[in-house]
Amino acid sequence: MSRLSVNVDHVATVRQARRASEPDPVAAALMAEVAGADGITVHLREDRRHIQDRDLSVMRKAAKTRLNLEMAATKEMFGIALEVKPDMVTLVPEKRQELTTEGGLDVKANFDYLKKFVEGLRDANIPVNLFIDPTLDAVKLSHKIGSDGVELHTGTYADAKDGRARDSELKRVAEAAALSHRLGLKTHAGHGLDYRNIKAVASIKEIDEFAIGFSIIARSIYTGINEAVREMKRLIIEGRAG
Ligand code: PXP
């Protein structure tokens, strides 16, 4: 079964454009759950450009599915994770100037630091996934670091300009997912997935969960969240069935 975790950051992006109180990402998350989302993802960024601390703590109390907190591996975020106790944490690299997360973690260069960081979260009973580029080396290193799982970055697949590039990137994702699964890691995928490109990735049976935000929130402007989540879930199930 491939699960769908709906990332509601962009509901907060709209709210922050006016520093208003609506639209509320917590309300959106609850509606997404009613529509069939298996989990909710939020990224509390260092610059708080979308999700705010209040959103996270209210979300923790209100969400009925699994709450996945995406965050940078910083001391501040470590403290917040221990306080909020999400159902899982996904560690992501974070740059101030980027529009969105641009690449996977450099697990090689930051091996020792990430190992300690992951240990600290796991000691607090918080499972940790590492957001990595879909390479065999990054999967192996994540396993050595002791993470519970990985989230494979599908951004290059999503941005591929032609069929050939897309196929070759999909193959990379599939190979990384197969290795991850073989090593006993939870295997998630996300970034840039939309209504056109999801079915091919969803056909990779080793992927347990997809984290999808922008395309769902963008579509919900036209159709409402209920319809937008239902349609994505339907495509995931269809892709999985082949
Ligand atoms: N996974 C990770 C680690 C991310 O950083 C993001 C973007 O916040 C997503 C998934 C969702 O990506 P998108 O909004 O492109 O669906």
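When a ligand or atom number is given, it counts from 1 through the structure's own listing order. Just the heavy atoms: all of them, side chains too, but no hydrogens, waters or symmetry mates, feed the values below.
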Item checked: Cationic N near anionic O, under 4.0 Å, R234 to E231 -> yes
Margin query: If the cut-off is 4.0 Å to any non-hydrogen atom of E151, which atoms of ligand 1 fall inside it?
Written below: 1 (N), 2 (C), 3 (C), 10 (C)
Note to self: At less than 4.0 angstrom from any non-hydrogen atom of A211, what atoms of ligand 1 do you find?
What the structure shows: 10 (C), 11 (C)
Note to self: Would the distance check show the side chain of Y157 and the main-chain N or O of N197 forming a donor-acceptor pair, the cut-off being under 3.5 Å?
What the structure shows: yes
Item checked: G192 touching ligand 1 at heavy-atom level, < 4.0 angstrom -> yes
Check: Is F214 close to ligand 1, meaning an N/O of one under 3.5 Å from an N/O of the other?
Finding: yes
Notebook entry, point to check: Do H188 and V150 have side chains that get closer than 4.5 Å, going by heavy atoms?
Noted result: no
Next item on the list: Before accepting this row, confirm whether a basic side-chain N of the pair D53/R48 lies closer than 4.0 Å to the acidic partner's carboxylate O.
Entry: yes
Next item on the list: Within a distance under 4.0 Å of any heavy atom of N7, pick out the atoms of ligand 1 and give their elements.
Entry: 8 (O)
Notebook entry, point to check: Going by the order shown, which atoms of ligand 1 are within less than 4.0 Å of some heavy atom of F131?
Noted result: 3 (C)
Margin query: Using a plain distance cutoff, I'd like to know if V92 has any nitrogen or oxygen under 3.5 Å from a nitrogen or oxygen of ligand 1.
Written below: no
Next item on the list: Side-chain contact test, heavy atoms from C-beta onward, threshold under 4.5 Å: evaluate it for R122 versus V128 and give yes or no.
Entry: yes
Item checked: Within-cut-off N or O pair, E70 and ligand 1, under 3.5 Å -> yes
Next item on the list: Please determine if H10 has a nitrogen or oxygen closer than 3.5 Å to a nitrogen or oxygen of ligand 1.
Entry: no
Item checked: Within-4.5 Å side-chain heavy-atom neighbours: L130 and V107 -> yes
Check: Any idea which atoms of ligand 1 are less than 4.0 Å away from a heavy-atom of I212?
Finding: 16 (O)
Notebook entry, point to check: Is it the case that S5 and T41 place a side-chain donor and acceptor less than 3.5 Å from each other?
Noted result: yes
Note to self: Show me the pairs that pass salt bridge (Lys or Arg N to Asp or Glu O under 4.0 Å) and involve residues 184-208, at least two apart or across chains.
What the structure shows: K199-E238
Item checked: Short N or O distance, G213 and ligand 1, threshold 3.5 Å exclusive -> yes
